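See structure below.
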Amino acid sequence: MAFVLSGGVRGTIQEALVEAVRKLGVEGQIPDLELGRAKVAGHGDYASSAGLKLGRVLRQDPKLIAARLAESVAVPDGAAKAEADGGYVNFRFTDDWLQRLVARIQPGYGARDIGRGERLQVEFASINPTGPLHIGHGRGTILGDSICRVLEFTGHDVQREYYVNSDNSQTRRFGASVYARLHGEEPPEGGYTGDYVTELAEMARHDLPGIDQLPEAEAEPKLRMYALGKMVDRIKASVARLNIRYDEWFWENRLWESGLPQTAIERLREAGYLKEKDGALWFGDPEDVEEEDRVVIRSNGQPTYFASDLGYLLSRFDVRGYNKVVEVWGADHHGYVPRMKSAAAALGIDPQKLVIILHQMVNLKEGKMSKRAGRFVTLDELVDRVGSDAVRYFYLLRSPDTTIEFDLELAVTQGNENPVYYAQYAHARLSNVEITATERHPRLPERADVSLLTQPWELDVARQLAFWPDVVEDATTTLEPHRIPYYVHELATAVHRFYHAGNAQSEHRVVVDDPELTRARLELCRAARHTLKTALDLIGVSAPERM
RNA sequence: GCCCCGCUAGCUCAGUGGAUAGAGCAUCUGUCUUCUAAACAGAGGGUCGGGGGUUCGAAUCCCUCGCGGGGCACCA
């Protein structure tokens with residue numbers, strides 16, 4: 001179904017420009033010509049500061065260089081015309097090419113084969129399954145899911161994984177809390193106090209006959225695994241409401257059963273990365289004195305989570321053979337990045353293949369999230385209040401680098417006025433007008449004469465469509481899906497203007513008496529609708545046919 | 001003390017070293033008997049945190065200071 005174009009028109013123009021630069025006699029490395037979207041309408045659609053960039057290399061007047069480039073550059077397919085303006089070379093789409101583009105757009109427009117089938121894993125939002133997801137967790141899940149969607153769209157073979165912690169101190173404390181509730185006691189210091197823990201204990205009493213007869217050392221691991229399993233089910237349900245799925249829920253205990261952490265430790269020992277100190281086993285790069293040593297096995301013999309992570313690296317790169325792993329972490333883990341990178345290197349894994357995306361935190365406006373202080377908003381509650389589409393759009397409109405100060409009342413208000421509806425409404429309008437057209441004109445020409453699309457607002461829609469492959473490419477290379485909702489908004493604006501032209505003057509409606517003209521405008525609607533749908537899909541937002 | 005992120009319009013935020021810094025919300029003014037007004041057209045609103053520097057050109061790169069958020073465990 002994916003309709004694969006060779007690449008965006010930006011890439012085509014870039015190549016043509018480079019070729020023109022070669023013709024001027026520039027050899028070797030060509031500086032970045034800064035080809036990008038023109039910011040002012042008078043400067044065309046794409047602009048390059050090629051003249052200024054080459055001024056020094058060629059020791060010539062930038063204006064002259066730009067003029068010569070504009071003269072000689074030949075954009076394939078007549079897609080754009082070049083003109084020099086000072087030291088800049090500006091490119092403007094030709095009407096003819098924009099019209100032809102409209103006819104070429106199919107469902108899935110913008111799909112690219114950037115990944116060439118590269119097998120990669122995206123591991124995201126692997127929260128300790130010891131409680132319900134809250135609004136902070138929403139960010140990583142939505143970001144990670146959207147990254148997967150973008151990567152899949154650009155020819156990557158993506159596996160979506162949730163790493164289920166089951167053997168760390170948090171989950172042990174969780175198991176101990178369930179054990180305490182099973183025996184009618186208060187959870188231990190630092191344990192889990194929510195009502196759901198008591199409910200889990202009661203469920204375990206029913207599902208695990210005899211569990212309350214076992215001593216804690218035997219009962220806790222059983223209760224822990226049972227309760228974690230139940231919590232994982234709840235997390236699955238919560239993320240499913242946000243249109244998120246995982247391929248694999250990978251349990252930490254599987255690592256130890258398969259002996260991978262042990263193998264990793266052995267490998268590090270042989271390579272000289274481990275040492276004993278104070279009765280514990282430490283990891284450290286003997287070459288790197290800056291990075292502090294880290295405990296792998298505690299003096300009490302219990303491994304740290306870091307030991308599991310060593311095995312987890314082997315599981316993914318060696319055993320399962322992923323060429324690249326993308327991890328999505330909250331910024332509170334950023335200090336762990338260098339350690340994971342150096343661990344990977346020590347295990348013989350290229351650290352470049354471990355890509356770690358950090359997103360900043362979501363803080364409640366009233367203060368740090370705390371169940372005890374009554375400052376806690378679950379992801380489910382947020383979805384209940386504003387709906388999945390608005391939640392996803394809300395998170396994805398922000399760059400991962402921005403801290404979110406979360407205000408539930410504001411989020412609900414913004415939910416009702418969320419810009420997501422603006423985009424969805426554009427899609428619904430297009431769908432509706434296509435239905436109206438077929439009712440009014442049961443027999444329309446099979447082929448559209450796109451040369452009839454001459455109004456500026458019609459060409460502006462086509463212009464936005466031309467930019468879509470660039471957005472896809474940029475979102476892929478930067479792993480920044482937030483670029484997509486901003487594009488969606490621009491496209492929706494062009495669509496609304498186009499539609500509204502018909503409200504102002506009826507001869508500009510899509511559906512008019514002339515079947516040829518109707519057919520041509522319908523072609524534009526179809527192209528815009530496919531593109532909106534495709535873009536919304538990539539951010540996991542629905543594209544309703546009526547609103 | 002060290003490390004990471006941020007500081008852009010009243011608010012929430014975009015902004016690959018390029019030309020005149022943008023959007024949504026809010027405020028104000030217009031536009032529906034005819035394909036969906038959840039829309040469209042327009043107006044006001046800016047020392048891009050402060051100060052240095054690099055550059056033909058800086059919101060963007062470097063240094064420095066300030067403010068806010070997050071980290072610096074035999075927690076995860």
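Lettering follows sequence order; numbering is per chain, from 1. Nothing here was measured: the structure is a model prediction, and the numbers come from that model.
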Can you check the distance between G52(B) and G44(B), where both ends of the measurement are the C1' atom (answer in whole Å)?
35 Å

What's touching nucleotides 26-34 of chain B from the protein side, N or O pairs under 3.5 Å?
none

Sequence-distant partners of Ser399(A), side chain to side chain contact (heavy atoms under 4.5 Å, CB included), two or more places apart
Asp401(A), Thr402(A), His482(A)

Give Asp278(A) one of three labels, base, sugar-phosphate or nothing, depending on what nucleic acid heavy atoms sit under 4.0 Å from its own.
base

Which residues pass the side chain to side chain contact (heavy atoms under 4.5 Å, CB included) test with Gln170(A), sequence neighbours left out?
Asn128(A), Asn168(A), Arg173(A), Tyr192(A)

Taking only residues two or more places apart in sequence or in another chain, which ones pass ring-ring contact (aromatic ring centres under 6.0 Å, His included) with Tyr486(A)?
none

For a quick check of understanding: with a heavy-atom distance under 4.0 Å over all strands, which category does His43(A) fall into, base, sugar-phosphate or nothing?
base

Below 30° counts as parallel, above 60° as perpendicular, anything between as tilted: where do the rings of Tyr336(A) and Tyr305(A) land?
tilted

Counting the atoms with a prime plus P, OP1 and OP2 as sugar-phosphate, which does Tyr422(A) contact under 4.0 Å by heavy atoms, base, sugar-phosphate, or nothing?
sugar-phosphate

NA contact type, Ala501(A), heavy-atom cut-off 4.0 Å: base, sugar-phosphate, or nothing?
nothing

Structure string for RNA chain B in dot-bracket form, Watson-Crick and G-U at under 3.5 Å, | interchain
(((((((..((((....[...)))).(((((.......))))).....(((((..]....))))))))))))....

Which pairs count as side chain to side chain donor-acceptor pair (under 3.5 Å) when at least one residue sits in residues 82-93 of chain A, sequence neighbours excluded?
none

Between Gly279(A) and Ala492(A), which has a closest nucleotide on RNA chain B that is more 5'?
Ala492(A)

In whole angstrom, give me the gap between the C1' atoms of G24(B) and A38(B).
14 Å

Pairing donors with acceptors under 3.5 angstrom, does anything connect the side chains of Gln360(A) and Arg398(A)?
no

Side-chain ion pair, Glu516(A) and Arg519(A), N-O less than 4.0 Å:
no

If only side-chain N and O atoms of Arg429(A) are considered, is one of them under 4.0 Å from the OP1 or OP2 phosphate oxygen of A37(B)?
yes

Under 3.5 Å donor-acceptor pairs involving side-chain atoms of residues 292-299 of chain A, not counting sequence neighbours:
unit_1    : atom_1 : unit_2    : atom_2 : d
Asp293(A) : OD2    : Lys275(A) : NZ     : 2.9
Arg298(A) : NH1    : Pro303(A) : O      : 2.9

Taking for each residue the nucleotide of RNA chain B bearing the nearest heavy atom, is the 5' side occupied by Asn165(A) or by Phe498(A)?
Phe498(A)

Please work out which residues in residues 480-489 of chain A have a non-hydrogen atom less than 4.0 Å from an atom of RNA chain B and list them by number.
His482(A), Tyr486(A), His489(A)

Base, sugar-phosphate or nothing for Glu545(A)? Non-hydrogen atoms, less than 4.0 Å.
base

In B/S/- notation, 5' to 3', how is nucleotides 55-60 of chain B contacted by protein heavy atoms closer than 4.0 Å?
SB----

Kindly point out which of C35(B), C74(B), C13(B) is positioned nearest to the side chain of Thr402(A)?
C13(B)

Test of ring centre spacing under 6.0 Å for Tyr393(A) and Tyr421(A):
no

List in chain and number order the residues that pass side chain to side chain contact (heavy atoms under 4.5 Å, CB included) with Lys533(A), two or more places apart in sequence or in another chain; answer none if no residue qualifies.
His427(A), Asp537(A), Ala543(A)

Gln262(A): partners by side chain to side chain contact (heavy atoms under 4.5 Å, CB included), with sequence neighbours left out:
Trp256(A)

If we ignore angles and hydrogens, is there a donor and acceptor under 3.5 Å between the side chains of Glu327(A) and Trp329(A)?
yes

Provide a list of protein-nucleic acid N or O atom pairs under 3.5 angstrom, restricted to nucleotides 69-72 of chain B.
unit_1 : atom_1 : unit_2    : atom_2 : d
G69(B) : O2'    : Asn363(A) : ND2    : 3.2
G70(B) : N2     : His334(A) : ND1    : 3.4
G70(B) : N2     : His334(A) : NE2    : 3.4

A19(B) base stacked by Tyr88(A) (centroids within less than 5.5 Å, tilt under 30°)
yes

Are the ring of Tyr305(A) and the six-membered base ring of C75(B) within the stacking cut-offs of under 5.5 Å and under 30°?
no

Would you say the side-chain atoms of Asp474(A) and Tyr487(A) include a donor-acceptor pair closer than 3.5 Å?
no

